[in-house]
Q: 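Take a look at the following structure, please.
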Number of protein chains: 2
Amino acid sequence: MNIDSARLTASLDALGRLGAYTDELSGLQGVRRLAFSKEDGEGRRHVVAEMKAAGLEVTIDRIGNVYGRRRGRDDGAKPVMAGSHIDSVATAGRFDGCLGVLGALEVVKTLNDAKVTTRRPLVVAFFSEEEGARFGTDMLGSAVAVGRIPLERAWGLSDADGKLVKAELEAIGFLGAADERLAAPHAYVECHIEQGPMLRAANIDLGVVTGVQAICWHELIITGRSAHAGTTPMSLRADPGVAASRVQLLLRDLVNCGRFGADLRATMGVTRFFPGLVNVVPNRVVATVDIRHPDDGVLRRAEAELVEEYEQIAADEKVTIVHRQTARTPDIAFSTKVQDLVAGAASARGLSMQRIVSGAGHDCQELARLCPAGMIFVPGEYDGISHNPRELSTPKQCADGVNVLLDVLTTLAEEEGP
Amino acid sequence: MNIDSARLTASLDALGRLGAYTDELSGLQGVRRLAFSKEDGEGRRHVVAEMKAAGLEVTIDRIGNVYGRRRGRDDGAKPVMAGSHIDSVATAGRFDGCLGVLGALEVVKTLNDAKVTTRRPLVVAFFSEEEGARFGTDMLGSAVAVGRIPLERAWGLSDADGKLVKAELEAIGFLGAADERLAAPHAYVECHIEQGPMLRAANIDLGVVTGVQAICWHELIITGRSAHAGTTPMSLRADPGVAASRVQLLLRDLVNCGRFGADLRATMGVTRFFPGLVNVVPNRVVATVDIRHPDDGVLRRAEAELVEEYEQIAADEKVTIVHRQTARTPDIAFSTKVQDLVAGAASARGLSMQRIVSGAGHDCQELARLCPAGMIFVPGEYDGISHNPRELSTPKQCADGVNVLLDVLTTLAEEEGP
């Protein structure tokens with residue numbers, strides 16, 4: 001049995017047109033579908049319609065997670081679940097998350113065409129605000145579904161304009177009635193683009209994901225003293241902008257120093273000066289830090305060193321640096337059983353593969369708390385660039401991943417037991 | 001003859017209440033009267049009312065500069081002008097600019113009380129958008145008045161929200177009918193706070209300003225490539241944020257390297273990352289650079305080195321750095337005659353004084369193109385901190401400056417000739 005590659009590509013294109021924008025720099029068409037935005041609402045209604053067209057029974061829970069259920073021969077058995085997310089960052093491509101959702105839906109359509117009913121029910125899921133790009137906490141929907149984040153706290157998160165999760169969910173019509181706590185499925189499998197250069201560089205067809213690296217986010221509020229740019233000698237300044245720049249370059253030093261191996265990633269994604277006037281030394285800078293490593297112990301050492309350096313820089317520059325941990329997830333190991341099923345299916349189809357650690361956070365790491373869970377990585381062109389309109393996995397690359405997803409889901413769905 | 005110190009202090013306090021805000025960090029009351037804002041409109045109407053109450057004939061020109069004229073015995077003779085500005089940066093104190101305007105008005109009130117009519121007319125002026133804090137070009141009103149900037153270009157400048165100078169002037173009712181090109185006065189004198197630490201540190205009563213240092217502003221647009229923060233190895237990144245941070249620290253190196261003497265000032269007042277998301281390497285950074293030096297030749301050398309370094313940093317970081325010069329004024333020497341009059345009046349009053357170069361740009365440097373012009377600097381407390389709610393010159397410090405202004409204006413106003 002094979003999935004329909006053309007149909008999968010068409011469905012990725014169709015969803016990619018919702019929230020599309022033209023990138024001012026490259027002129028390329030990108031996707032901007034921030035969680036619970038008008039565009040996200042359009043995308044959600046589109047996918048729900050596709051689910052219903054494929055015969056799935058759709059339920060929406062109180063954090064806006066959407067589940068489309070396909071009946072099984074033994075409909076009381078625990079379902080096998082597959083999915084991902086359709087929300088995006090502000091400068092996204094068409095594949096991040098969407099491949100896992102539309103891929104799982106393509107598996108259902110393939111089974112429908114083949115008139116195959118699996119023993120266990122199949123559930124296609126997409127989870128809310130996986131990116132954390134709007135409300136600051138990533139994997140929000142799946143974290144609530146597995147009980148890591150309480151619903152009330154998630155509802156109370158606000159975006160940069162002070163808009164609240166619950167009100168925004170309601171506004172787009174996706175504040176569902178279903179219990180947000182998910183009953184443990186039999187297994188969960190997610191097909192996703194690698195979002196990195198490894199597989200493509202090694203000319204590997206497919207990645208068997210062993211787990212997700214540990215992630216830590218800080219929000220920094222750096223406070224100094226505003227002063228006249230033309231008259232205040234440097235020695236009398238307390239310039240939070242200089243402190244922020246030192247933190248920025250410190251991040252690179254931490255990566256390059258070697259003490260944390262070759263796998264540390266460190267990024268300053270936000271820096272903004274206040275009042276932000278050409279002739280005024282700023283009095284406040286808001287910045288964010290994102291550090292990641294496959295080994296949580298190593299990441300904690302890097303974070304500890306970072307926090308020490310914050311204090312040193314604050315002292316040197318006569319400013320205060322207050323840091324708030326806005327995200328913290330340890331490294332997660334995926335089910336070896338699911339890994340072996342993915343590897344077996346890949347070799348059965350003659351696809352080359354490689355075990356790989358995920359650099360990004362994924363809903364799968366939340367589901368891994370509930371059941372055996374694993375991921376299939378699909379390579380990307382242009383060094384696997386992602387969170388960028390240039391993001392591209394070819395139809396062949398996508399089809400290879402989703403065919404393996406088909407094999408793994410059908411195998412899991414025939415397994416015995418409750 | 002002496003000015004009324006209590007009356008001057010009361011009038012500074014009264015204007016300081018218009019556009020007042022409470023600083024979130026210090027809890028102090030500051031002033032936010034950005035050019036042509038609602039608050040600036042309130043301040044302007046207040047000062048115009050004060051001018052009329054003092055018997056001045058008020059005219060408003062097409063860039064919103066306001067002139068209050070007091071008749072002279074020989075009313076056809078060229079007037080002696082004094083003034084400054086009342087617009088402010090977003091985090092200002094009560095003295096910057098206002099002392100020069102309300103000080104000149106206090107001189108008029110003092111002459112009124114003494115029933116003195118000078119030979120030459122006296123004009124009290126305040127000029128539009130001296131700070132450049134809203135529309136990006138400082139000394140805007142006085143530069144238009146002396147013909148350095150054409151009216152049409154000034155009218156076409158827009159703020160961060162795209163609002164235009166002309167429409168904003170009209171909105172607050174200060175788009176006047178008078179010709180913006182100012183007829184050459186006999187002389188121009190401006191009393192202003194030092195906005196620096198020198199006078200106070202040396203316990204000097206008053207500064208005789210010899211001129212203004214050269215100023216250069218750059219706006220930087222740094223363009224890189226957005227990418228996923230968790231997966232993209234540093235070696236494959238083109239991170240404009242790192243480039244901006246290197247420029248920030250380069251500024252300090254230029255100041256500290258010694259090759260440009262001890263008087264170079266360099267500030268990055270604006271830095272903003274786009275898209276500005278915690279888990280996305282930015283694709284664009286907007287930043288500003290402000291460099292100043294008493295010697296234009298030295299400043300040009302520093303600027304040239306800076307521009308070379310932009311290219312080096314851009315190459316290193318695989319980004320592009322486009323810089324636009326948004327302000328450029330050479331160093332300006334003030335009239336030695338006015339300097340000597342200020343020095344003479346100060347010693348006659350037993351005040352200690354010091355010749356000093358202005359670190360900040362002032363309307364006086366524009367007026368110096370039309371006529372003999374000079375400035376009186378008043379010391380400030382707290383290292384002369386300015387553009388900050390802590391900005392403070394004591395009633396005695398202010399009165400000393402305005403008494404000398406009184407002496408210099410009356411002397412100039414009795415001079416013979418057309």
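We name chains A, B, ... by the order of the sequence lines, and we start the count at 1 in each one. Given the structure is predicted, the values throughout are model-derived calculations rather than measurements. Keep in mind that the numbers below use all heavy atoms, side chains included, and drop hydrogens, waters and symmetry copies.
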Q: Of all of B/V285, B/V280, B/I385, which one pairs up most often with chain A through heavy atoms under 4.5 Å apart?
A: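 Option with the greatest count: B/V280.
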
Q: Against chain A, work out which of B/M198, B/E219, B/E317 has the most heavy-atom pairs shorter than 4.5 Å and name it.
A: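 Between B/M198, B/E219, B/E317, the count favours B/E317.
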
Q: How long is the gap from CZ on B/R252 to CZ on A/R246, to the nearest 0.5 Å?
A: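 Answer rounded to 0.5 Å: 7.0 Å.
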
Q: Name the one of B/T271, B/D239, B/L249 that satisfies side chain to side chain contact (heavy atoms under 4.5 Å, CB included) with A/Q248?
A: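 Of the listed residues B/T271, B/D239, B/L249, the side chain to side chain contact (heavy atoms under 4.5 Å, CB included) partner of A/Q248 is B/D239.
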
Q: Against chain B, label A/L277 side chain, backbone, both or neither, depending on which of its atoms sit under 4.5 Å from a heavy atom there.
A: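 Both parts, backbone and side chain.
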
Q: With a 6.0 Å cut-off (strictly less than), is the heavy-atom count around OH of B/Y21, excluding the residue itself, greater than 12?
A: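 Atom OH in B/Y21 is crowded, with more than 12 foreign heavy atoms closer than 6.0 Å.
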
Q: Does any backbone or side-chain atom of A/M234 lie under 4.5 Å from a heavy atom of chain B? Answer side chain, backbone, both or neither.
A: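 Looking at A/M234, just its side chain touches chain B.
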
Q: So for B/V289, is it side chain, backbone, both, or neither that comes closer than 4.5 Å to the heavy atoms of chain A?
A: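 For B/V289, the backbone is the part near chain A, not the side chain.
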
Q: Any non-hydrogen side-chain atom of A/F273 less than 4.5 Å from a side-chain atom of B/V270?
A: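 In short, these two side chains do not touch, never coming nearer than 4.5 Å.
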
Q: What residue in A/N283, A/L264, A/I215, A/D263 has the most heavy-atom pairs under 4.5 Å with chain B?
A: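 Answer, by heavy-atom pair count under 4.5 Å with chain B: A/N283.
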
Q: Quick one: what part of A/R134 sits under 4.5 Å from any heavy atom of chain B, side chain, backbone, both or neither?
A: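 Interface part for A/R134: neither.
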
Q: Is there a side-chain contact between B/E194 and A/T231, using heavy atoms and a 4.5 Å cut-off?
A: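 B/E194 vs A/T231: side chains apart.
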
Q: Side chain from CB out, backbone as N, CA, C, O: work out which of these in A/V255 comes under 4.5 Å of a heavy atom of chain B, or both, or neither.
A: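 A/V255 touches chain B through side-chain heavy atoms alone.
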
Q: To the nearest 0.5 Å, what is the distance between CG (B/D96) and NE2 (A/H228)?
A: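 If we round to the nearest 0.5 Å, B/D96:CG and A/H228:NE2 are 6.5 Å apart.
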
Q: Can you check whether B/W217 reaches A/N279 side chain to side chain, under 4.5 Å on heavy atoms?
A: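 Answer yes - side chains close enough.
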
Q: I'd like to know if the side chain of A/Q195 reaches the main chain of B/A229, judged simply by a donor and an acceptor atom lying under 3.5 Å from each other, with no hydrogens or angles considered.
A: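 Absent.
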
Q: When only pairs under 4.5 Å are counted, which of A/P197, A/A160, A/G136 shares the most heavy-atom pairs with chain B?
A: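 The residue among A/P197, A/A160, A/G136 with the greatest pair count is A/P197.
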
Q: Counting heavy-atom pairs under 4.5 Å to chain A, which of B/P389, B/G241, B/A262, B/A327 comes out on top?
A: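 Option with the top pair count is B/G241.
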
Q: Is there side-chain contact between B/R390 and A/R225, with at least one heavy-atom pair below 4.5 Å?
A: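 The answer is yes, as the side chains (C-beta and beyond) meet within the 4.5 Å cut-off.
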
Q: Just so I understand: if I count every heavy-atom pair under 4.5 Å between each of B/L236, B/V89, B/V242 and chain A, which residue has the most?
A: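 Winner by heavy-atom pair count: B/V242.
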
Q: For chain B, which of A/A266, A/A90, A/P282 has the most heavy-atom pairs under 4.5 Å?
A: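 Ranked by heavy-atom pairs under 4.5 Å with chain B, first place is A/A266.
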
Q: Between B/G384, B/G230, B/G132, B/G359, which has the largest tally of heavy atom pairs under 4.5 Å with chain A?
A: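 Max contact count across the listed options: B/G230.
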
Q: Considering all heavy atoms of both residues, which atom of A/T91 and which atom of B/S226 are nearest to each other, and what is their separation?
A: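 Nearest heavy atoms, A/T91 then B/S226: OG1-OG, 3.8 Å.
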
Q: Could you tell me whether the side chain of A/P233 reaches within less than 4.5 Å of the side chain of B/R265, counting heavy atoms only?
A: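 B/R265 vs A/P233: side chains touch.
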
Q: Nearest 0.5 Å, please: how far is CG in A/D383 from OG in B/S235?
A: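 Those atoms lie 8.5 Å apart.
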
Q: Between B/T267 and A/R237, does any side-chain donor sit less than 3.5 Å from a side-chain acceptor?
A: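 Yes - a donor-acceptor pair under 3.5 Å links their side chains.
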
